[in-house]
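Values below: every heavy atom of this structure, side chains too, minus hydrogens, waters and symmetry copies.
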Amino acid sequence: MAALKAEKRECPYCSGKGYFQLLLGGTETCDFCNGTGKKS
C-alpha cells in the first residue's frame, strides 16, 4: 500500500473525525482539535 499524503491535515489523535468512540458507547469530543478533526 502506498502512503498517500493527506491534503487536509487531520488531527492525529482522532484520525480527523473530531471525536473519540467510547468503549461503553457514545462519543466524546476530541480535546486536541476541539471537534474540528483538523490539526491546529
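Heavy-atom minimum distance, Asn34 versus Thr29: C-CG2, 4.0 Å. Taking each heavy atom of Cys33 and Gly18 in turn, the nearest pair found is SG-CA, 4.0 Å.
In terms of modelled atom types and a separation under 3.5 Å, the side chain of Thr36 and the main chain of Lys38 share a donor-acceptor contact.
When hydrophobic residues (I, L, V, M, F, W, Y) are linked wherever their side-chain heavy atoms come within less than 4.5 Å, the members clustered with Phe20 are Tyr13, Phe32.
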